Engineer: 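One structure is given below, represented as structure tokens, and several questions about it will come after.
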Amino acid sequence: MRLNQLLERLEYEVVQGSDEIEITTLINDSRKVKEGSVFVCISGAVSDGHQYVEDVSAKGAAAVIVEKEVEAPEGMTVIRVKDTRYALALTSAAYFGYPAEKLKVIGITGTKGKTTTTYMIKSILEGVGHKVGLIGTIEAIIGDKVIPAANTTPESYTIHQYFAEMVEAGCDSVVMEVSSQGLMLHRTAGIPFEIGIFTNLGKDHIGPNEHKDFDDYKRCKGLLFKQCKLGIANADDKYFEDVFKEATCRTETFGFSEKADLRAENVRLVSRPGYLGVAYHVAGLMDFDVEIDIPGTFSVYNSLTAIAVCRHFEVPVDAILSALKQAKVKGRIEMIKVSDDFTLMIDYAHNAMSLESLLSTLKEYNPKRLVCLFGCGGNRSKDRRFEMGEVSGRLADLTIITSDNPRFEDPRAIIDDIKVGIAKTDGKYVEISDRKDAIKYAIEHGQQGDVIVLAGKGHEDYQEIEGVKYPMDERVLIQEVLEELKAGK
């Protein structure tokens with residue numbers, strides 16, 4: 001491949017050498033450079049790729065793409081662009097042969113609901129014969145291949161690599177979570193989204209290495225709606241108009257509001273022994289009844305979003321109903337059977353907005369007690385700890401404060417921050433820093449009619465301490481606890 005083919009959709013300047021040269025690989029990790037590679041110099045939070053120009057030259061790189069001035073050895077081509085992250089996205093698309101243009105790409109952005117909705121859409125579309133790839137918080141799915149995720153929205157090179165593999169695997173469409181950071185860092189730049197979806201907006205991801213303020217968070221969410229053909233938005237969200245103010249796409253809405261194009265009416269909670277669900281009537285652009293095996297109002301929103309998307313794929317109603325019954329997501333209100341007396345579930349709720357939504361939903365089912373076990377991640381905003389403590393103190397009958405991913409912080413200090421929030425309420429709490437011991441306490445003290453939520457970890461199967469990720473899956477911990485209790489330990 002010639003270098004100028006890779007750059008064909010970019011504005012660039014040839015600072016040194018020629019853009020007519022043949023190149024072998026496109027790389028943004030200096031350790032992977034080979035003879036004839038093009039190395040894209042990314043200015044990251046940890047290191048700056050511009051520092052590695054001499055290093056990659058020694059490994060045989062034919063060219064570098066930069067956004068700053070660099071000193072490059074003679075014989076190396078230097079291409080200057082305005083933004084190397086943006087350049088990586090567009091060159092990655094070219095490198096893999098523009099695979100996104102061979103797929104119908106559905107992108108979902110919002111503070112919560114993204115993950116569950118992606119699985120619902122995938123389930124519905126596959127029910128009528130589509131082959132659907134998925135890129136999200138938990139994993140990427142390409143045919144029979146499942147790749148655990150490092151980020152909600154991977155680096156642009158990885159996205160186009162996945163797209164190319166999806167095309168090769170026979171996929172005709174892909175549904176992906178699009179994070180505000182992914183949009184901010186141009187990871188999705190140049191992707192021709194068929195449909196963009198806005199679920200909701202809450203004050204999350206604001207702080208060091210994230211968004212500088214809420215306005216920036218809103219602005220980044222809105223970027224998706226400048227690069228999709230159709231935007232489908234939650235009409236009930238108070239920030240909907242802010243997010244869409246610069247949208248260039250056609251817009252449709254969903255929600256409870258009478259103004260919404262696709263509406264949920266006559267919502268009712270469904271409760272049976274060992275089962276919590278919700279039923280409602282779909283009105284407006286479609287007309288039918290639906291029941292979902294996941295509790296709460298947010299399940300109405302998630303399923304309504306999926307229905308709004310699948311309407312554009314002309315999916316029959318019976319196929320929608322059947323698929324929604326089967327769509328389950330690991331770590332999202334995942335019921336774990338441990339007792340005939342009480343209900344235990346795992347959920348990823350890891351900020352105040354998602355925890356409030358979850359606990360408020362479960363309170364509507366009138367449990368004898370609502371017990372919430374959670375911790376907060378280290379090296380993240382302290383506000384999240386105060387807010388989650390206050391939410392759990394206000395809504396749960398008992399809070400069990402424990403450890404999450406302490407990273408480089410002392411778990412005790414994080415617990416003390418959570419207690420600052422709880423102190424603003426009358427909520428009862430216990431503190432047990434070891435997560436397995438905390439889970440054991442919750443199960444051992446479970447009462448008839450209780451609903452117990454293990455919040456914050458969800459699908460994660462590790463605990464990060466001092467830069468090391470140790471294996472820790474709550475499903476495994478629960479089984480170990482049950483065996484210990486059975487053995488009388």
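Everything quoted here is computed from the prediction, not taken from an experiment. What you see below is based on every heavy atom in this structure, not just the backbone, and it leaves out hydrogens, waters and symmetry mates.
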Engineer: Using ring centroids (six-membered ring only for Trp), state whether Phe96 and His160 fall under 6.0 Å.
Structural biologist: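 No, the ring centres sit 6.0 Å or more apart.
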Engineer: So that I can tick it off, tell me whether Glu13 and Arg80 are bridged by a salt bridge, with the cut-off set at under 4.0 angstrom between side-chain N and carboxylate O.
Structural biologist: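 No, Arg80 and Glu13 are not salt-bridged.
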Engineer: With side-chain contact (heavy atoms from CB on, under 4.5 Å) as the criterion, how do Met120 and Leu324 come out once you've worked through the C-alpha distance, each side chain's angles and the decisive distance to 0.1 Å?
Structural biologist: CA-CA 6 Å; Met120 285 181 168; Leu324 285 175; 4.0 Å; yes
Engineer: Determine whether Lys245 and Asp242 satisfy the following criterion, salt bridge (charged side-chain N to carboxylate O under 4.0 Å, His left out), listing intermediate values before the conclusion.
Structural biologist: CA-CA 5 Å; Lys245 68 181 176 185; Asp242 289 352; 5.6 Å; no
Engineer: Does a donor on one side chain sit under 3.5 Å from an acceptor on the other, for Tyr462 and Asp473?
Structural biologist: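 Result is no, nothing qualifies.
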Engineer: Inspect the surroundings of NZ in Lys102 and state if more than 12 heavy atoms from other residues, nucleotides or ligands are less than 6.0 Å away.
Structural biologist: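 For Lys102, atom NZ is crowded (more than 12 foreign heavy atoms under 6.0 Å).
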Engineer: Is the shortest distance from a Lys or Arg side-chain nitrogen in Asp417 or Lys382 to a carboxylate oxygen in the other one below 4.0 Å?
Structural biologist: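 Lys382 and Asp417: salt-bridged.
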Engineer: Regarding Lys59 and the six-membered ring of Tyr52, is the cationic atom NZ or CZ under 6.0 Å from the ring centre and inside 45° of its axis?
Structural biologist: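 So Lys59 doesn't make the cation-pi contact.
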Engineer: Check the side chains of Lys469 and Asn405 for a donor-acceptor pair under 3.5 angstrom, ignoring hydrogens and angles.
Structural biologist: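 No, because no side-chain N or O of Asn405 sits under 3.5 Å from a partner of the opposite role on Lys469.
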Engineer: Using a 6.0 Å cut-off, check whether atom CD of Gln5 has over 12 heavy atoms from anything other than its own residue.
Structural biologist: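 Yes, CD of Gln5 has more than 12 neighbouring heavy atoms, counting only those of other groups under 6.0 Å.
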Engineer: List in chain and number order the residues that pass side-chain contact (heavy atoms from CB on, under 4.5 Å) with Glu241, two or more places apart in sequence or in another chain; answer none if no residue qualifies.
Structural biologist: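 side-chain contact (heavy atoms from CB on, under 4.5 Å) check on Glu241 returns nothing, list empty.
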Engineer: Does any N or O in the side chain of Gln463 come within less than 3.5 Å of the main-chain N or O of Asp404, such that one atom is a donor and the other an acceptor?
Structural biologist: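 The answer is yes, because a donor-acceptor pair under 3.5 Å joins these two groups.
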Engineer: Side chains of Ser354 and Lys112: any donor to acceptor distance under 3.5 Å?
Structural biologist: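 Distance-only check fails for Lys112 and Ser354.
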Engineer: Test your reading of the model: is there a side-chain donor-acceptor pair from His350 to the backbone of Tyr348, 3.5 Å cut-off?
Structural biologist: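 Checking the backbone N and O of Tyr348 against the side chain of His350, a donor-acceptor pair under 3.5 Å is found.
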Engineer: Flag yes if more than 12 heavy atoms outside Glu8 fall under 6.0 Å of its CD atom; otherwise flag no.
Structural biologist: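 Enclosed: over 12 neighbouring heavy atoms sit under 6.0 Å from CD of Glu8.
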Engineer: So that I can tick it off, tell me whether Lys82 and Glu11 are bridged by a salt bridge, with the cut-off set at under 4.0 angstrom between side-chain N and carboxylate O.
Structural biologist: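 No salt bridge links Glu11 with Lys82.
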Engineer: With the side chain counted from C-beta on, respond yes when Phe254 and Ile232 share a heavy-atom pair under 4.5 Å apart, and no when they do not.
Structural biologist: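 Yes - at least one pair of side-chain heavy atoms lies under 4.5 Å apart.
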Engineer: Within 45 degrees of the axis of the six-membered ring of Tyr157 and under 6.0 Å from its centre: does Arg187 put its NZ or CZ there?
Structural biologist: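 Negative - Arg187 is either too far from the ring of Tyr157 or too far off its axis.
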Engineer: Is it true that Glu22 and Arg2 have a side-chain N and a carboxylate O under 4.0 angstrom from each other?
Structural biologist: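 Looking at Glu22 and Arg2, the cut-off is not met.
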Engineer: Checking side-chain polar atoms at under 3.5 Å, does Glu67 have a donor or acceptor matched by the opposite partner on Thr84?
Structural biologist: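 On atom types as modelled, these side chains qualify, holding a pair under 3.5 Å.
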Engineer: Please determine whether salt bridge (charged side-chain N to carboxylate O under 4.0 Å, His left out) holds for the pair Arg219 and Glu246, giving the CA-CA distance in whole Å, both sets of side-chain angles, and the decisive distance to 0.1 Å.
Structural biologist: CA-CA 9 Å; Arg219 180 190 64 79; Glu246 293 181 13; over 6 Å; no
Engineer: Are side-chain N/O atoms of His312 and Glu194 paired as donor and acceptor at under 3.5 Å?
Structural biologist: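 On atom types as modelled, these side chains do not qualify, holding no pair under 3.5 Å.
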Engineer: Does a side-chain N-to-carboxylate-O contact under 4.0 Å join Arg435 and Glu474?
Structural biologist: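 Answer for the salt bridge query: yes.
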Engineer: To the nearest 0.5 Å, what is the distance between NZ (Lys34) and CD1 (Ile23)?
Structural biologist: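 Going from the NZ atom of Lys34 to the CD1 atom of Ile23 covers 12.0 Å.
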Engineer: Is it true that Asp410 and Arg412 have a side-chain N and a carboxylate O under 4.0 angstrom from each other?
Structural biologist: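 No, this pair does not count.
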Engineer: Mind listing the closest non-hydrogen atom pair of Thr111 and Thr199 along with its distance?
Structural biologist: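 Scanning both residues, the minimum pair turns out to be N-OG1, 4.1 Å.
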Engineer: Under 4.0 Å between a side-chain nitrogen and a carboxylate oxygen: does that hold for Lys419 and Glu431?
Structural biologist: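 The answer is yes: the pair qualifies as a salt bridge.
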Engineer: Does Glu409 come within less than 4.0 Å of Arg385, counting only side-chain N to carboxylate O?
Structural biologist: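 Salt bridge: yes.
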Engineer: If you apply the rule salt bridge (charged side-chain N to carboxylate O under 4.0 Å, His left out), what do you find for Glu334 with Arg475, and how did you get there?
Structural biologist: CA-CA 10 Å; Glu334 181 184 349; Arg475 293 151 204 79; 2.8 Å; yes
Engineer: For the pair Ser57 (side chain) and Met76 (backbone), establish whether a donor and an acceptor sit closer than 3.5 Å, ignoring hydrogens and angles.
Structural biologist: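 Flag not set: sc Ser57 to bb Met76 has no pair under 3.5 Å.
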Engineer: Which heavy atom of Gly107 sits nearest to which heavy atom of Val178, and what is that distance?
Structural biologist: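 Smallest interatomic distance, heavy atoms only, reads CA-CG2, 3.8 Å.
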Engineer: Does a side chain donor of either Glu177 or Thr152 reach within less than 3.5 Å of an acceptor in the other side chain?
Structural biologist: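 No - no donor-acceptor pair under 3.5 Å links their side chains.
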Engineer: Sub-3.5 Å donor-acceptor pair from the side chain of Thr253 to the main-chain atoms of Asn234, do we have one?
Structural biologist: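 Checked: no pair found.
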Engineer: Which distance, rounded to the nearest 0.5 Å, do you find between the CD1 of Ile452 and the CG of Leu373?
Structural biologist: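 Result: 9.0 Å between the selected atoms.
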Engineer: Check this for me: does any side-chain nitrogen of one of Asp437 and Lys440 sit under 4.0 Å from a carboxylate oxygen of the other?
Structural biologist: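 A salt bridge is absent here (no side-chain N lies under 4.0 Å from a carboxylate O).
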Engineer: Under a 3.5 Å cutoff, is there a donor and acceptor pairing between the side chains of Tyr301 and Asp236?
Structural biologist: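 Short answer, yes.
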Engineer: Would you say the side chains of Ser37 and Thr25 form a donor-acceptor pair under 3.5 Å?
Structural biologist: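 Yes, Thr25 and Ser37 have a side-chain donor paired with an acceptor closer than 3.5 Å.
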Engineer: Assess whether a salt bridge exists between Glu387 and Arg384, defined as any Lys/Arg side-chain N lying under 4.0 Å from an Asp/Glu carboxylate O.
Structural biologist: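 Not counted as a salt bridge, because no side-chain N and carboxylate O are separated by less than 4.0 Å.
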Engineer: Is Glu20 atom CD crowded by more than 12 heavy atoms from other residues, nucleotides or ligands, each under 6.0 Å away?
Structural biologist: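 Counting neighbours around CD of Glu20, more than 12 heavy atoms of other residues, nucleotides or ligands fall under 6.0 Å, so yes.
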Engineer: Taking only Lys NZ, Arg NE, NH1 and NH2, and the carboxylate oxygens of Asp or Glu, determine whether Glu139 and Lys330 approach each other closer than 4.0 Å.
Structural biologist: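 No.
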Engineer: Looking at Glu466, I'd like to know if its CD atom is crowded, meaning that more than 12 non-hydrogen atoms belonging to other residues, nucleotides or ligands lie closer than 6.0 Å.
Structural biologist: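 Enclosed.
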